[in-house]
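Data block below; observations after.
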2 protein chains.
Amino acid sequence: MAATIRDVALRAGVSVATVSRALNQSGPVREDTRRRVVEAVTELQYRPNNAARSLITRRTGMFGVLLPDLHGEFFSELIRGLDEAAQAHGYHLLLSSSHDLAEELEAALHGMQGRVDGLVVMAPRLSAEKLDALLPRNTPVVLLNSPHVATSVYNLRIDNRGGARAIVTHLISHGHRRIAMITGPAGNHDAEERVAGYRDALADAGIACSSALEIEGNFRTSGGYRATGVILGLEDRPTAIFASNDAMALGALSALRDAGVGVPDDMALAGFDDLSSTQYSIPPLSSVHVSISELGARAIAGLSDVVTNGSPTAERHEILHATAVLRRSCGCSGREANGKA
Amino acid sequence: MAATIRDVALRAGVSVATVSRALNQSGPVREDTRRRVVEAVTELQYRPNNAARSLITRRTGMFGVLLPDLHGEFFSELIRGLDEAAQAHGYHLLLSSSHDLAEELEAALHGMQGRVDGLVVMAPRLSAEKLDALLPRNTPVVLLNSPHVATSVYNLRIDNRGGARAIVTHLISHGHRRIAMITGPAGNHDAEERVAGYRDALADAGIACSSALEIEGNFRTSGGYRATGVILGLEDRPTAIFASNDAMALGALSALRDAGVGVPDDMALAGFDDLSSTQYSIPPLSSVHVSISELGARAIAGLSDVVTNGSPTAERHEILHATAVLRRSCGCSGREANGKA
DNA sequence: GTGAAAGCGCTAACAG
DNA sequence: CTGTTAGCGCTTTCAC
């Protein structure tokens, strides 16, 4: 049986209250008393029981993380950012992923009830109304890349629209006028914002946009491959493709290669996310960089702030800038440079 | 204030004991009593307090997951497997990643003390002795791809050696005799096993192995790129490269391309992991397939088994098969096929 | 079938 | 500075 605080108190010849104070520095304890306690702790290998502690403090030291069906590098980078920050702030991460449907999210939310001090939720496929209905009222929530909702204390997003606009504007600066876009899955909030950015750029340049040039993808490599096949079959073939994420851009690259279409000469190409692997694609892929791990880090910082400072300092909204990274696939020389719309 | 079991009891006109029994079906309750309880629960929006519950049951409903510094697809696939299985078994995942050093692992292990009913640990850089000293004695542990240790109840691994042997044997069957290998980081257990498999294959074919042909990488794309530069500079240049993971193989592909070396004609290439993105590389990459998510799923199943059945049914050891997947980079036509040594 | 009561291990007043 | 005491919300004997 594991040692309890009572055993420690007995061993150190003090009361349990003193042990508690010594261990949590939650009150004055004479130095030598403290030392006796610490000794007893190590001798008995005492570890405080977290359940008992959080039963009374009403804090669990854990943040819940609810993510949609994410893949590969994006997912691992996000977790890395969350994890590092959580550790730094003294929290653990309770993770639950693959929640695309409202019901799944709700079930997961339910399961975390009372187990966490705060929640990081990413739900790009849910409407503001749905989200609003689902979010718990008693737990601080940080929303990632989701439609804004009043009940969340903090809303973080990457500048999907601005980033897409910047890279497409760059494509236009290479002389392209007929630019196809491979979109994300329908109903995905990020995907929609990137489409908006694409249209912004076209509008800026006085180019009419056409729904025939917006081919639906799924944010997966396979979808990029497929969509590119459609694009190549278009009459009056476009001279450039903007894929709304890198995974699809890689699929596009593969399809272009299979079709014998040279990149960037016969077809310019750009993606979004700037995954680290894209600089090794052939040719290296121009993309939009966004610090995914920072997104995670800020989310945790925001939660931690709310939890320790009690009241939500204020309802907050934060946008992480996304900048174009120019490599060879768009026609640039390969030297990296920043392009800002 | 959230409703407690007392409130529910009052509302339903029964005792707290009955509420508990009704909710946990831990004892006989008359049907209409049960219904009254359920009604009160929904009306009051009652949620049992997990802290209180685990204080007495000594179960938390959570499994801890401790991972090394993993990246990209491997990481996300593993988590997916773990997460799905955990959900299926009614558990939550307490995640902590990026632990390569023994001290980091220890700190994380400490933090999870008492918060979890079991642990999934992946520590490819730690020796059996180090691990043995670190692992808690009172919590069931499943070890993933780690040196076997007696204190773990369950040991799962992928067949690194067999998989490497199979793909290298295949390379040899294409007529290659001089095959370079890009290894993983020194001290990594998986990496070492893959080297052993590579040597096995050479030995099988009566080819002497040479340390000059084993170039150290780091499991990252950048390392594969760098190592390939070294290989291309070798006198009596090899005709094939086995990269011990796909990330490095992709880096190799990029380096080969930059050097104007054709794949597979001038240089055959194969990787390991069979990441989904590799089928879209140019040319598609031959690799070794292993079901990463299944690794995760089995880990959870094993833990869950131990936790519910009390005693560790027996000390177990399980190996997940790894099979060669043949695409174009090794010289095959592109039609997928299985090659088994 | 149901209720009363005794804690699980800890923290937090409140005295001293 | 330290000890006593009263619970946190729940499960679980033990009676009835």
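So that the names make sense, note that chain A is the first sequence line, chain B the second, and so on, each numbered from 1.
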| request: Round to a whole Å and report the spacing from CG of B:Asn49 to C1' of C:dG9. | output: 14 Å
| task | Write down the distance between CG (A:Leu10) and C1' (C:dG9), rounded to a whole number of angstrom. | result | 15 Å
| request: Compare all side-chain heavy atoms of B:Arg21 with those of B:Val29 and state whether any distance is below 4.5 angstrom. | output: yes
| task | Specify the separation, in whole Å, of atom CD of B:Gln113 and atom P of C:dG9. | result | 15 Å
| What pair of heavy atoms forms the shortest contact from B:Ala3 to B:Tyr46, and how long is it? | O-CD1, 3.3 Å
| query | Once the angle between the rings of B:Phe75 and A:Phe75 is folded into 0 to 90°, is it parallel (under 30°), tilted (30 to 60°) or perpendicular (over 60°)? | reply | tilted
| Rounded to whole angstrom units, what separation is found between the CZ atom of A:Arg36 and the C1' atom of D:dT2? | 11 Å
| query | Roughly how many Å is it from CD in A:Gln25 to C1' in C:dA12, rounded to a whole number? | reply | 17 Å
| said: With salt bridge (charged side-chain N to carboxylate O under 4.0 Å, His left out) as the test, pick out the partner of B:Asp32 among B:Arg30, B:Arg34, B:Arg35. | reply: B:Arg30
| task | Indicate whether OP1 or OP2 belonging to C:dG9 is found under 4.0 Å from a side-chain N or O atom of A:Thr4. | result | no
| field | Options D:dG9, C:dG3, D:dT2, nucleotide nearest the side-chain atoms of B:Leu55 | value | D:dG9
| said: Looking at every heavy atom in both A:Leu156 and A:Ala299, which two are closest together, and how far apart are they? | reply: CD1-N, 3.3 Å
| request: Would you mind reading off the distance between B:Asn50 atom CG and C:dC8 atom C1', rounded to a whole angstrom? | output: 15 Å
| task | Starting from C1' on D:dG7, measure out to CZ on B:Arg6 and report it in whole angstrom. | result | 10 Å
| query | In B/S/- notation, 5' to 3', how is nucleotides 11-16 of chain D contacted by protein heavy atoms closer than 4.0 Å? | reply | BB----
| request: Using five pairs at either end of the helix from C:dG1-D:dC16 to C:dG16-D:dC1, determine the angle between the two local helix axes and round it to 10 degrees. | output: 30°
| Would you say the side chain of B:Leu94 lies within less than 4.5 Å of the side chain of B:Phe63, judging by non-hydrogen atoms? | no
| Once you round to the nearest 0.5 Å, how far does CD1 of A:Ile292 lie from OG of A:Ser76? | 8.0 Å
| field | Touch class at under 4.0 angstrom, heavy-atom based, for A:Thr33 against every strand present | value | sugar-phosphate
| query | So do A:Leu67 and A:Ser96 actually touch side chain to side chain, heavy atoms under 4.5 Å? | reply | no
| query | Taking only side-chain nitrogens and oxygens of B:Arg58, does any of them come within less than 4.0 Å of OP1 or OP2 of C:dG9? | reply | yes
| request: Kindly indicate whether the side chain of B:Val121, heavy atoms from C-beta on, has any atom under 4.5 Å from the side chain of B:Leu144. | output: no
